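Encoded as structure tokens, the structure appears first; notes follow it.
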Amino acid sequence: MALKTSLIFTILLSATAWSKLPILATKQDITNIRYLTRDGKFTYYQRRSGDLLLGTNFNVSEVLKAEMGTHYTVRSHAESEWMVINQVKHMHRSYDPRLVGTLFRNKKGQTSTTELGVGANPDVHLLGSWTSFYEPYTRLIVFKSLDNPQIGFNIQTAAKLNPYFFPNVTMLDEQTVLYIDMNEKGESALIRFNRIDGKSKVLFKNEGVSRRLEVCQSKTGVYLGAFPYQQADAAAEIWEVDKEKGPSKPIYSSNMPDIGHMICDNTEGKIYFSKAFKQGKAYRHDIYALDLKSGESESISDFRYATQIIDMDGLLLIPFQGKYYVPLEQKQAEVKDNLGPKGEQL
């Protein structure tokens with residue numbers, strides 16, 4: 001039976017018209033996959049029927065069941081035993097950008113789940129031991145411990161103006177949170193929240209409404225990026241952030257309309273993001289690696305239209321036109337059954 005086949009994925013080299021990067025290939029349709037572990041042991045994927053399934057060791061088990069039209073997203077961290085699942089019913093029947101789903105906790109590789117709440121934009125923090133999600137109608141950021149979901153706290157945000165705005169969040173520790181909020185004028189700010197006293201402090205305020213902010217954290221530091229909404233407002237910057245004083249001198253700046261979507265915790269000493277460059281009279285975008293010591297950036301893709309990058313269980317992926325590409329520097333990733341076209345080990 002097809003469902004009994006192995007869901008362990010392989011990375012295949014493919015010289016396409018767009019790129020020479022390896023393609024992430026799976027025995028399951030890649031469009032159905034919601035999460036797979038880097039060692040290939042566990043694959044979470046959904047059916048058209050609305051079910052979320054787990055494939056492991058030639059077996060398939062049901063994790064969640066829902067009606068047709070249900071959409072799932074799954075978040076985790078390479079060092080965590082927990083998965084966070086967002087189940088959104090009737091996703092394609094609503095145009096509301098604030099559409100929420102039901103959040104569940106699941107132990108990696110198992111089928112039992114625990115409901116966490118209702119919200120959107122889930123994320124994981126502190127090596128996957130905590131999760132956060134956003135309640136857009138109450139404007140609350142909800143935090144829960146994944147080891148014990150009874151432990152948690154909320155942050156009330158100010159954002160009222162933009163229904164498309166969702167706060168970007170990172171936890172420095174169990175008591176300190178950095179997040180991006182937006183005031184009634186549409187101006188964004190980086191805010192530090194102290195869970196002990198419940199007080200917030202603005203560390204950085206973006207002048208005007210032409211750029212959006214995003215914050216991310218590595219094992220060695222915290223970084224703030226400012227990226228323009230439009231090409232006419234081209235000015236991008238990335239700063240290292242002191243958790244008490246805020247951002248210092250920029251470690252990166254550009255007059256190009258970079259998109260951002262930073263990933264800071266995949267490779268020590270590097271930030272990956274979508275950077276703009278000029279090709280003739282047009283702006284193009286590819287994924288670049290920013291070296292935090294030298295401040296120099298280097299392209300790791302060659303699509304000219306790469307606007308996103310994903311860290312899935314420690315594996316860096318670039319989604320593009322229905323496929324997922326793996327940057328060449330990860331050919332030595334420890335993934336089981338990584339066989340090239342002729343069976344050679346990549």
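Since the structure is predicted, the reported quantities are computational estimates derived from the model, not experimental observations.
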Under 30°, 30 to 60°, or over 60°: which ring-plane class applies to [X] and [Y], parallel, tilted or perpendicular?
| X | Y | answer |
| --- | --- | --- |
| Phe204 | Trp239 | tilted |
| His125 | Phe143 | tilted |
| Tyr305 | Phe320 | parallel |

Nearest-0.5 Å distance, [atom1] of residue [X] to [atom2] of residue [Y]:
| X | Y | atom1 | atom2 | result |
| --- | --- | --- | --- | --- |
| Leu292 | Thr267 | CG | OG1 | 10.5 Å |
| Leu315 | Ile310 | CG | CD1 | 10.5 Å |
| Asn168 | Ile141 | CG | CD1 | 9.5 Å |
| Arg47 | Leu52 | CZ | CG | 11.0 Å |
| Glu115 | Phe104 | CD | CZ | 5.0 Å |
| Asn121 | Glu135 | CG | CD | 12.5 Å |

Should [X] and [Y] count as side-chain neighbours, where that means a heavy-atom distance under 4.5 Å?
| X | Y | result |
| --- | --- | --- |
| Arg211 | Glu237 | yes |
| Met256 | Phe277 | no |
| Tyr325 | Phe303 | yes |
| Leu53 | Gln46 | no |
| Lys201 | Leu203 | yes |
| Met262 | Phe227 | yes |
| Leu116 | Leu146 | yes |
| Arg75 | Phe133 | no |

Contact summary for [X] and [Y], nearest pair of heavy atoms:
| X | Y | value |
| --- | --- | --- |
| Asp258 | Ala276 | OD1-N, 2.8 Å |
| Asp181 | Ala159 | OD1-N, 3.2 Å |
| Leu103 | Pro122 | CD1-CB, 3.7 Å |
| Lys323 | Ile23 | CD-CD1, 3.8 Å |
| Ile180 | Glu214 | CG1-CA, 4.3 Å |
| Leu316 | Pro327 | O-CD, 3.3 Å |

Between the main-chain N or O of [Y] and the side-chain N or O of [X], is there a donor-acceptor pair closer than 3.5 Å?
| X | Y | value |
| --- | --- | --- |
| Tyr72 | Gly50 | yes |
| Arg192 | Lys243 | yes |
| Asp173 | Gln175 | yes |
| Arg195 | Glu174 | yes |
| Asn255 | Ala235 | no |
| Ser254 | Ala236 | no |
| His261 | Thr307 | yes |
| Gln156 | Thr138 | yes |
| Ser188 | Asn206 | no |
| Arg212 | Ile259 | yes |

We want to know whether [X] and [Y] form a side-chain donor-acceptor pair, criterion being a heavy-atom distance below 3.5 angstrom.
| X | Y | answer |
| --- | --- | --- |
| Asp96 | Ser94 | no |
| Asn148 | Ser145 | no |
| Asp311 | Tyr272 | no |
| Ser132 | Asp123 | no |

Honestly curious: do [X] and [Y] fall in one hydrophobic cluster under the side-chain, below-4.5 Å linking rule?
| X | Y | answer |
| --- | --- | --- |
| Tyr35 | Leu127 | no |
| Met68 | Leu99 | no |
| Phe42 | Leu36 | yes |
| Leu172 | Leu224 | yes |
| Phe166 | Val215 | no |

**Study point:** Phe193 six-ring face occupied by Lys199 cation (under 6.0 Å, within 45°)
**Key:** no

**Study point:** Verdict with reasoning, His90 to Glu67, per side-chain contact (heavy atoms from CB on, under 4.5 Å)
**Key:** CA-CA 8 Å; His90 311 302; Glu67 57 264 36; 3.2 Å; yes

Exercise for review: Starting from the C-alpha separation in whole Å, work towards a yes-or-no answer on side-chain contact (heavy atoms from CB on, under 4.5 Å) for Lys205 and Asn183.
Suggested key: CA-CA 10 Å; Lys205 184 178 178 181; Asn183 64 18; 4.0 Å; yes

Check your understanding: With a cut-off of 6.0 Å (strictly less than), are more than 12 heavy atoms of other residues, nucleotides or ligands near OH of Tyr137?
Key -> yes

**Study point:** Residues, nucleotides or ligands: over 12 heavy atoms within 6.0 Å of Glu62 CD
**Key:** yes

**Study point:** Electrostatic pair Lys108:Asp313 at N-O distance under 4.0 angstrom
**Key:**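 Yes, Lys108 and Asp313 are salt-bridged.
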
Review point. Below 4.0 angstrom, N of the basic side chain to O of the carboxylate: do Lys219 and Glu268 qualify?
Key: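 Here Lys219 does not pair with Glu268 in a salt bridge, since their nearest N and O are not under 4.0 Å apart.
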
**Study point:** Criterion side-chain hydrogen bond (donor to acceptor under 3.5 Å, both in side chains) against Trp82, the qualifying member of Thr131, Asp147, Thr114, Asn106
**Key:** Asp147

**Study point:** side-chain contact (heavy atoms from CB on, under 4.5 Å) between Val88 and Val100, intermediate numbers included
**Key:** CA-CA 7 Å; Val88 181; Val100 298; over 6 Å; no

Practice item. Carefully, step by step, assess Ser248 and Asp242 under the rule side-chain contact (heavy atoms from CB on, under 4.5 Å). Key: CA-CA 7 Å; Ser248 55; Asp242 182 290; over 6 Å; no

